[in-house]
Chemist: 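Okay, here's the structure, questions in a sec.
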Amino acid sequence: MIYTARVLTEISGDTHRFLASYLDQQRRLLATTTNDHATALTLVPHPALRQRLQNVYTEALSL
């Protein structure tokens, strides 16, 4: 999602429309995972990795 959001500003035409649609779909799917993601993070024993996963998830949600 993060890559797709960044590349959208660099492309146009059919590819842009396809990736924009893909990103919209992924946003909807990701929004349904909030509770599961929080639960999954409790299973990650390494604090730095857990924080990194949370940061990436938060960034993806903000797209």
Side-chain angles (χ1 to χ4, degrees):
M1 286 181 66
I2 295 167
Y3 170 79
T4 301
R6 290 181 181 166
V7 78
L8 278 177
T9 63
E10 307 295 324
I11 59 175
S12 61
D14 289 341
T15 303
H16 184 275
R17 285 186 290 281
F18 173 81
L19 289 178
S21 176
Y22 168 80
L23 187 57
D24 287 341
Q25 177 189 45
Q26 294 304 305
R27 284 182 185 120
R28 289 188 301 273
L29 292 171
L30 188 64
T32 67
T33 66
T34 303
N35 292 334
D36 293 334
H37 189 266
T39 300
L41 285 180
T42 67
L43 302 173
V44 178
H46 192 276
L49 176 57
R50 186 172 50 248
Q51 185 60 53
R52 179 69 179 145
L53 291 169
Q54 180 60 51
N55 291 348
V56 170
Y57 183 76
T58 300
E59 182 174 353
L61 283 174
S62 73
L63 299 173

Chemist: Between R27 and L63, which heavy-atom pair has the shortest distance, and what is it?
Modeler: NE-O, 2.8 Å
Chemist: Once you round to the nearest 0.5 Å, how far does CD of Q25 lie from OG1 of T4?
Modeler: 11.0 Å
Chemist: Under 3.5 Å, side chain of T39 to main-chain N/O of N35, donor-acceptor pair present?
Modeler: yes
Chemist: How many angstroms lie between atom NE2 of H16 and atom CD of E10, to the nearest 0.5 angstrom?
Modeler: 10.0 Å
Chemist: Is there a path of hydrophobic side-chain contacts, each under 4.5 Å between heavy atoms, that joins I2 and V7?
Modeler: yes
Chemist: Run through L61, L29, L30 and flag the one making a side-chain contact (heavy atoms from CB on, under 4.5 Å) with M1.
Modeler: L30
Chemist: Quick one about N55 and E59 (side-chain donor to acceptor, distance below 3.5 Å, no hydrogens or angles considered), yes or no?
Modeler: no
Chemist: Rounded to the nearest 0.5 Å, what separation is found between the CG atom of L8 and the OH atom of Y22?
Modeler: 11.5 Å
Chemist: Atom NE2 in H37, atom OG1 in T32: separation rounded to 0.5 Å?
Modeler: 12.5 Å
Chemist: Give the minimum heavy-atom separation between A31 and T34, together with the two atoms involved.
Modeler: O-OG1, 3.4 Å
Chemist: Please check if L43 and Y57 belong to a single hydrophobic cluster, counting links between Ile, Leu, Val, Met, Phe, Trp and Tyr side chain heavy atoms closer than 4.5 Å.
Modeler: no
Chemist: Tell me if the CZ atom of R52 is crowded by more than 12 foreign heavy atoms within 6.0 Å.
Modeler: no
Chemist: What are the two closest heavy atoms between T9 and R6, and how far apart are they?
Modeler: OG1-O, 3.1 Å
